[in-house]
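The structure appears below as structure tokens.
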Number of protein chains: 2
Amino acid sequence: MTFDTDPAQSDRSRDALTAAHLYYMQDLTMDAIAQELHTSRSSVSRLLSHARETGLVDIQIKSPLDAPSHLEQQIEARFQITAHVVPVPDSANDVDRLERVALSVARILGQYFDSNMTMGIAWGSTMNAISRHITPKQTHNSQIVQLNGAGNMRTTGLGYASEILGRFGTAFGAHVQQFPVPAFFDDPATKQALWRERSVSRLLEMQAIMDIALFGLGSPFSGVVSRVYAGGYLEQAEFDALGAAGVVGDVATVFYRADGSADGIALNERSTGPDFTVLRRTPRRICVVAGRSKLASLRGALAASLITDLFVDESTARALVEAP
Amino acid sequence: MTFDTDPAQSDRSRDALTAAHLYYMQDLTMDAIAQELHTSRSSVSRLLSHARETGLVDIQIKSPLDAPSHLEQQIEARFQITAHVVPVPDSANDVDRLERVALSVARILGQYFDSNMTMGIAWGSTMNAISRHITPKQTHNSQIVQLNGAGNMRTTGLGYASEILGRFGTAFGAHVQQFPVPAFFDDPATKQALWRERSVSRLLEMQAIMDIALFGLGSPFSGVVSRVYAGGYLEQAEFDALGAAGVVGDVATVFYRADGSADGIALNERSTGPDFTVLRRTPRRICVVAGRSKLASLRGALAASLITDLFVDESTARALVEAP
DNA sequence: AATCGGATTGAACATACGTGCAAGGAGCCC
DNA sequence: GGGCTCCTTGCACGTATGTTCAATCCGATT
């Protein structure tokens with residue numbers, strides 16, 4: 001049984017390691033490294049890319065002491081959470097914004113997730129963006145578990161969600177636990193029945209003991225429609241009911257109001273996402289938000305105490321600390 | 001009292017931090033960053049240099065699993081120490097060799113040294129080379145303590161040694177404890193008398209409880225003469241006596257033989273360096289060696305169990321694992 | 001207020017770097 | 001063994017980056 005020690009790959013990685021040493025520790029030029037490795041400069045360039053992509057080289061930004069920016073301090077003081085404000089120029093559009101916040105999260109995630117841990121993962125455009133950029137890190141005995149179902153009337157959702165899950169899994173060398181159910185059941189009774197099944201309850205157990213939850217926010221009633229609302233998951237009537245109930249957002253297809261409350265929202269009874277009382281027991285709950293359209297949703301999630309660590313673009317962060 | 005929060009510097013560092021985020025976390029080009037920061041591309045280049053030099057950006061090379069190279073494994077198995085083999089082409093001369101090993105050590109040192117620690121520092125060309133390249137890291141309540149005196153018949157040695165010490169001190173924000181004595185006393189009795197002085201014994205106490213010792217090796221009887229032997233520290237007669245006693249090297253001006261023994265070497269009675277029995281109590285003893293001329297000295301130091309962590313250039317490492 | 005020295009800036013230049021491309025190899029199937 | 005694809009390599013090109021230099025700014029000093 002070969003681990004990742006197949007001779008070809010190992011050769012390449014060994015060279016990449018040496019090249020990384022020479023480049024990052026000894027400040028040699030790629031040309032000089034090429035000579036030492038008896039190859040061409042281009043190959044060295046590629047080796048170094050490989051080293052960075054595979055997480056062989058790890059670049060961290062330190063926050064010596066003063067680091068928390070003014071904004072971060074304000075957010076932390078006001079909401080009792082850890083804040084990471086991602087600098088994005090105000091002129092950027094929402095797509096760039098999401099991409100850049102996601103990239104920052106993807107690069108830093110390895111500092112949170114480690115061996116023997118379990119991480120819960122939502123799905124959606126935010127999670128998708130993150131998954132495409134994660135810097136890999138080898139872990140052992142770790143689990144990635146899907147937080148909520150992704151099926152709808154048209155598809156099982158297995159393709160989209162499992163693509164995301166899979167990227168997380170391979171990046172961390174973790175076991176992946178899929179949750180092959182629809183996002184919402186038609187009948188609450190189906191959910192209750194299924195929840196008693198051993199195969200499902202095993203997964204719910206894992207959610208209950210996860211160390212990290214990672215999720216974006218849905219914002220049903222703002223400019224950009226979240227994936228949940230565009231993808232055929234909800235009927236118009238259901239959507240209207242959410243509005244009537246005063247819903248401002250969702251985490252893993254579980255909805256809440258501006259004050260953070262979620263009681264009496266009918267759709268939650270049929271949702272497959274984790275109940276907030278469960279979610280709040282997770283030690284680290286990382287929320288990733290990009291774009292001011294999610295501001296109301298963010299405020300609600302904060303009011304509901306769903307977040308311990310927030311990644312947010314600069315302009316949304318500024319809006320957040322302004323008077324509500 | 002201003003810490004490092006003087007407004008000008010803080011502005012610069014804040015920009016550097018942002019630039020580092022944008023460059024290393026979001027893969028923007030310097031041009032794009034310049035626009036966001038309303039400055040020129042050159043300034044961004046300088047900001048990023050600044051960020052790297054000040055340790056604001058930390059680049060680490062991971063050793064995922066297989067990392068210990070063959071050579072490192074061999075050394076570790078044979079001598080029960082941790083080995084870091086620095087890749088240096090065989091064609092490099094001894095000066096390059098030292099420079100490159102020192103650079104690697106300087107970059108990685110921050111991973112060993114932290115707040116509330118005490119590190120003992122030798123002096124010499126190796127330590128000098130390292131000191132010129134250390135990547136800074138802010139620590140609190142930490143100490144840098146000089147291991148052995150640096151004075152000789154000509155100078156107090158304060159200039160040279162304290163320059164080295166000082167660079168370590170400022171790089172880590174640590175208190176610096178100099179040791180203003182000659183490298184060797186003329187009369188052992190002077191040493192004993194001085195060693196009872198409270199000012200000196202306070203420093204010896206600190207040496208006794210240090211967490212890390214960092215030193216190069218002296219090799220009196222090989223091609224390149226160590227600083228100790230060229231700088232007027234020893235008279236010819238003393239030098240000859242070392243040869244007669246079978247000495248192969250020294251650590252912080254304390255000498256040893258090929259088998260690691262140090263008993264009965266007269267000069268050690270007059271040396272100001274730490275007794276090996278004291279040194280061996282230090283949990284981490286980092287030795288930096290470059291150049292095959294130090295091979296015999298290295299073998300002796302290993303036999304004397306003076307080393308827990310070894311940094312060595314590739315070709316010397318190869319020579320080390322060959323049959324003695 | 002004038003002058004000086006040192007630090008900072010952007011333009012221009014010289015390198016260093018990333019990447020598309022065609023050529024060469026290594027496996028694999030026929 | 002020939003021919004196929006897929007992967008890797010080095011070259012060449014265009015772009016990105018580091019660095020020098022003259023101009024400018026800033027603060028301190030006279």
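Since this is a predicted model, take the numbers as computed values, not measurements. Chain naming here is simple, since letters A, B, ... match the order of the sequence lines and numbering starts at 1 in each.
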Non-neighbouring partners of A/Gln60 that pass side chain to side chain donor-acceptor pair (under 3.5 Å), sequence neighbours left out: A/Asp58
Residues that A/Glu36 engages under side chain to side chain donor-acceptor pair (under 3.5 Å), provided they are two or more places apart: B/Arg100
Under the side chain to side chain donor-acceptor pair (under 3.5 Å) test, residues paired with A/Ser43 that sit two or more places apart: A/Thr39, A/Ser40
Candidate pair A/Asp313 and A/Thr316, rule side chain to side chain donor-acceptor pair (under 3.5 Å), full reasoning: CA-CA 6 Å; A/Asp313 64 280; A/Thr316 307; 2.8 Å; yes
Rounded interatomic separation in angstrom, taking NE2 from A/His50 and P from D/dC7: 15 Å
Where A/Ile75 and A/Ala317 come nearest, the two heavy atoms and their spacing: CD1-CB, 3.9 Å
Distances under 3.5 Å between nitrogen or oxygen atoms of protein and nucleotides 12-18 of chain D:
{"unit_1": "D/dT17", "atom_1": "OP1", "unit_2": "B/Tyr23", "atom_2": "OH", "d": "3.0"}
{"unit_1": "D/dT17", "atom_1": "OP2", "unit_2": "B/Met30", "atom_2": "N", "d": "2.9"}
{"unit_1": "D/dG18", "atom_1": "OP2", "unit_2": "B/Ser45", "atom_2": "OG", "d": "3.0"}
{"unit_1": "D/dG18", "atom_1": "O6", "unit_2": "B/Arg41", "atom_2": "NH2", "d": "2.9"}

Atom of A/Thr54, atom of A/Ala51 and distance for their closest heavy-atom approach: OG1-O, 3.3 Å
Residues in contact with DNA chain D, drawn from residues 32-39 of chain A - heavy-atom cutoff 4.0 Å: A/Thr39
Residues in side chain to side chain donor-acceptor pair (under 3.5 Å) contact with B/Ser45, at least two apart in sequence or another chain: none
Reference residue A/Arg167; test side-chain contact (heavy atoms from CB on, under 4.5 Å); the match among A/Val176, A/Ile144, A/Asn128: A/Asn128
A/Asp27 CG - D/dT19 C1' separation (whole Å): 15 Å
